[in-house]
Each structure stands twice: as C-alpha cells, then as structure tokens.
Amino acid sequence: MVDMIQINDLKFSYPDGSAALRGVSLSVKPGEFVTLCGLSGCGKSTLGRVVLHLLDNTGGQILYHGEDVTTVSREKLSALRREMQIIFQDPYSALDPHHNVEEIIREPMSLYTNASKSDIDEQIVELLKKVGMKADDMYKYAYEFSGGQRQRIGIARALAVKPEFLLCDEPISALDVSIQAQVVNMLEDLQEELGLTYLFVAHDLSMVRHISTRIGVMYLGKIVEIAESDELYDHPMHPYTEALLSAIPVADPKLARSSKRKIIKGDLPSPMDVPGGCRFHTRCPYAKPECSQMEPPLVERTPGHFVACHI
C-alpha cells in the first residue's frame with residue numbers, strides 16, 4: 001500500500017537554538033491509526049504541527065501522496081489544508097468564545113465549499129449528531145459546554161471540510177479520565193465510518209493500545225522505537241519504552257503487587273544540550289561504553305518492529 005504521508009529525516013529547531021526534531025522518519029498509510037507517545041518535550045506535538053506545515057521545518061521532507069508539502073506554492077498548500085486537519089489539545093482555548101457553534105463549524109465550510117446556506121446548515125446538524133451533540137447545540141456558545149463537549153465541537157469543526165487525514169494533538173489530555181475513553185471511542189467510530197487516517201499524539205500509553213495500528217515512542221526529538229500496537233506492548237525492546245509501559249496503572253491489585261516498575265533515573269537533558277551517542281544513555285540502566293560514543297540507528301529487529309538501541 002502506498003504511503004499517505006512519508007516523513008524523511010525531518011528536522012526542526014526553535015529560534016533559541018533548541019532542536020525539537022533531530023532527524024525523524026515515519027510513514028503513515030491510508031486508514032492507519034498511528035500514535036506517537038513520549039513525555040513532554042520529546043517533540044511529538046512539534047512533529048505533528050510541522051507535518052501540517054503549521055511550523056516550517058529546518059530540514060528533511062514531508063511527502064503527502066508523494067508531493068513535498070514543504071515546497072508547494074501557497075495556493076497548493078491552501079488546498080491541502082482541506083485534506084489535512086487538526087484537533088487541538090485544549091478544547092477551552094481552541095474555540096472562539098465570540099462565535100456560537102454554528103459559526104465555528106460554518107467558517108471552514110464557507111472557505112472550502114460553494115454549498116448554499118441551507119445545505120451548510122444541514123451539514124452542521126449532521127456533524128453535530130456524528131459527534132454526539134444535539135442539533136439545538138449549534139446556537140449555543142463554547143462557555144455553555146463542558147470540556148468533553150467542547151472537544152466534540154472541535155472534532156466536528158475538523159471534519160467540516162471532509163478531510164482524509166487528522167492530526168490529533170493530545171486531544172484527551174485536558175479531559176477528565178471518565179470522558180477520555182468516550183472521545184477515543186468516538187474517534188475510532190468516525191475512522192471506520194468516514195475512512196479517516198490519524199496521527200495521534202499522546203503523552204502516555206495507557207489509552208491507545210486497542211485503537212492504534214502502530215505506536216512510535218519519541219525521546220528528545222527522535223523516534224526510538226516503533227512497532228504494531230500489540231507487539232510494542234508485549235515485546236518492548238527499548239529501555240525507555242519498557243519504563244513507560246511499566247508506569248501504566250494495573251487494575252488488578254494482585255498483578256499490580258507482582259509487577260515491577262522500571263524507574264528512569266536522572267533528569268531529562270536540555271534540548272539545547274543533548275547527550276552524544278544514544279541520547280538516552282545518561283538515564284539507561286543497561287548503558288555500555290559504546291552507548292555514549294555512537295548514536296544507534298533505527299533498525300528493524302523483527303518484522304515491522306524498529307528500535308534504536310545498541311543492546
């Protein structure tokens with residue numbers, strides 16, 4: 001299957017000199033649900049925003065259906081905006097408080113379609129129903145809704161122009177735990193119904209196993225491991241991935257007592273002063289001398305399972 005998105009050696013640095021992305025390569029096939037995990041500051045959200053060209057990369061390529069989105073004209077990029085949409089992390093700041101729900105969803109539709117007002121009204125009602133909202137909600141303002149409802153409105157807005165690719169930038173991290181599962185299940189249902197492709201950004205691995213096709217783990221601007229979801233959970237190969245998985249709470253008290261949590265020692269290095277060799281070696285319990293001298297490449301150790309680790 002041809003890749004929808006192919007990222008090759010992508011780099012991005014902020015004006016202060018800190019490098020958020022240090023040569024990331026990743027592919028996303030049509031219909032996949034690819035998740036990027038890692039702690040704050042690893043570059044996962046930056047990667048998503050660079051892919052959508054909301055931030056300008058400082059190196060590498062981003063191919064969308066074979067076309068490099070970093071070199072296309074402004075007119076072409078505007079057309080691509082319809083195909084590639086984003087669901088933002090914070091539902092409280094992502095919605096304009098001066099517009100009601102109808103206006104929020106109508107705005108992108110007015111930019112990209114020539115439909116009549118009555119047709120757009122019908123589509124808005126249909127979108128609200130798809131995300132579990134009522135038709136009358138279109139006349140209300142964002143402050144009248146809970147966080148979970150606001151995120152549903154944000155999802156409806158992203159779907160308004162009928163995209164095929166959605167970047168989900170930690171869309172559940174600002175929500176109550178009781179609401180997170182509802183939103184994740186809805187995204188899964190929408191993917192099946194509309195044939196969507198997702199790049200999902202998450203800061204932990206506890207919610208994404210059963211919805212993800214593949215999961216990539218990032219650390220200090222690079223992907224250190226990527227594999228199919230069950231394979232990554234059942235056979236983690238990178239010490240950092242092992243530590244993240246061991247931190248997932250276990251519901252069964254007996255299993256929780258018998259499981260051994262792997263603690264990552266030390267502090268996260270500054271993005272402006274990344275350690276030489278393997279960037280994780282200063283905190284790795286298995287580090288050898290070679291780990292501080294040579295950066296490990298991302299290598300396919302078993303079919304479809306890639307890891308950047310000397311051991």
Side-chain angles (χ1 to χ4, degrees), residues 4-5 28 30-34 48-49 51-52 54 64 78-176 178-202 207 211:
M4 177 182 289
I5 293 177
V28 182
E32 276 199 304
F33 195 123
V34 177
R49 290 169 183 265
V51 167
L52 292 191
L54 299 177
Y64 178 70
S78 179
L80 289 176
R81 294 281 187 233
R82 177 173 182 171
E83 303 295 329
M84 308 167 72
Q85 289 289 307
I86 182 172
I87 301 170
F88 292 98
Q89 175 180 358
D90 185 2
Y92 294 93
S93 62
L95 304 179
D96 191 332
H98 303 292
H99 290 171
N100 62 24
V101 172
E102 177 191 6
E103 294 168 325
I104 288 171
I105 300 177
R106 180 184 299 276
E107 183 177 12
M109 299 175 77
S110 300
L111 287 173
Y112 289 105
T113 70
N114 295 319
S116 65
K117 182 181 183 303
S118 60
D119 287 342
I120 290 179
D121 286 343
E122 290 180 7
Q123 292 178 47
I124 292 174
V125 171
E126 185 64 27
L127 281 168
L128 289 174
K129 289 180 179 178
K130 283 185 185 295
V131 299
M133 305 287 288
K134 300 176 182 177
D136 290 345
D137 289 333
M138 66 190 294
Y139 303 113
K140 298 178 181 179
Y141 288 81
Y143 67 83
E144 299 181 68
F145 298 99
S146 65
Q149 290 173 319
R150 294 186 197 195
Q151 194 59 287
R152 290 173 185 270
I153 296 168
I155 293 170
R157 178 180 59 184
L159 295 175
V161 293
K162 300 179 181 179
E164 65 172 4
F165 173 79
L166 279 181
L167 167 65
C168 305
D169 185 13
E170 299 202 50
I172 60 173
S173 63
L175 306 179
D176 292 339
S178 60
I179 305 298
Q180 291 180 357
Q182 295 178 21
V183 174
V184 167
N185 290 336
M186 182 184 65
L187 289 172
E188 190 175 22
D189 292 340
L190 289 169
Q191 180 183 31
E192 183 176 347
E193 179 183 352
L194 303 176
L196 298 169
T197 300
Y198 290 130
L199 181 59
F200 191 94
V201 174
M207 291 290 294
I211 58 173

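The structure presented is a predicted model; accordingly, all values stated were derived computationally and were not measured. Side chains are part of it too, since the values below use all heavy atoms of this structure and drop only hydrogens, waters and symmetry mates.
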Quiz prompt | Minimum side-chain heavy-atom gap Pro91-Leu175 below 4.5 Å | solution = yes
Exercise. May I ask you to decide if Gly31's main-chain N or O and Gln191's side chain share a donor-acceptor pair within less than 3.5 Å?
Key: yes
Self-check item: Side-chain donor or acceptor of Gln180 paired with backbone N/O of Ile172 under 3.5 Å
Solution: yes
Quiz prompt | Shortest non-hydrogen separation from Gln89 to Gln151 and the atoms involved | solution = O-NE2, 3.6 Å
Quiz prompt | For Phe33, all residues meeting ring-ring contact (aromatic ring centres under 6.0 Å, His included), sequence neighbours excluded | solution = Tyr198, Phe200
Quiz item: Can you name the nearest heavy-atom pair linking Ser173 to Glu170, along with the distance?
Solution: OG-O, 3.2 Å
Quiz item: When rounded to the nearest 0.5 angstrom, what distance separates CD1 in Ile105 from CD1 in Ile120?
Solution: 11.5 Å
Quiz item: So do the side chains of Lys162 and Tyr112 get within less than 4.5 Å of each other, counting heavy atoms only?
Solution: no
Quiz item: How long is the span from the CD atom in Glu103 to the NE2 atom in His98, to the nearest 0.5 Å?
Solution: 11.5 Å
Self-check item: From CG (Leu54) to CG (Leu167), nearest 0.5 Å
Solution: 8.0 Å
Practice problem: Show your reasoning for whether side chain to side chain contact (heavy atoms under 4.5 Å, CB included) applies to Lys117 and Arg106. | Solution: CA-CA 9 Å; Lys117 182 181 183 303; Arg106 180 184 299 276; 3.7 Å; yes
Practice problem: Apply side chain to side chain contact (heavy atoms under 4.5 Å, CB included) to Leu111 and Arg82, showing your working. | Solution: CA-CA 9 Å; Leu111 287 173; Arg82 177 173 182 171; over 6 Å; no
Quiz item: At what distance, to the nearest 0.5 angstrom, does CG of Leu194 lie from NZ of Lys130?
Solution: 5.0 Å
Quiz item: Which pair of non-hydrogen atoms, one from Ile86 and one from Asp169, has the smallest distance, and what is that distance?
Solution: CD1-CB, 4.5 Å
Quiz prompt | Flag if over 12 foreign heavy atoms under 6.0 Å of CD, Glu193 | solution = yes
Quiz item: Are any non-hydrogen side-chain atoms of Val125 and Lys129 less than 4.5 angstrom apart?
Solution: yes
Quiz item: Heavy atoms, side chains only, cut-off 4.5 Å: are Ile5 and Met84 in contact?
Solution: yes
Quiz item: Taking atom CG of Leu159 and atom CD of Glu126, what is their separation to the nearest 0.5 Å?
Solution: 11.5 Å
Quiz item: Any side-chain heavy-atom pair from Arg157 and Leu95 closer than 4.5 angstrom?
Solution: yes
Quiz item: Between Arg150 (side chain) and Phe145 (backbone), is there a donor-acceptor pair under 3.5 Å?
Solution: yes
Quiz prompt | Crowding at CD, Glu83 (>12 non-hydrogen neighbours, <6.0 Å) | solution = yes
Quiz item: Closest heavy-atom contact between Val131 and Arg152?
Solution: O-NH1, 2.8 Å
Quiz item: So how far is it from Gln85 CD to Glu164 CD, rounded to the nearest 0.5 Å?
Solution: 11.5 Å
Quiz item: Shortest non-hydrogen contact from Lys134 to Leu128?
Solution: O-CD1, 3.7 Å
Quiz item: Below 4.5 Å, heavy atoms only, C-beta onward: do Leu187 and Ile87 meet side chain to side chain?
Solution: yes
Quiz item: Mind checking whether Ile155 and Leu190 have side chains closer than 4.5 Å, heavy atoms only?
Solution: yes
Quiz item: Taking all non-hydrogen atoms of both residues, which atom of Tyr141 and which atom of Asn100 are closest, and how far apart?
Solution: CE2-N, 3.5 Å
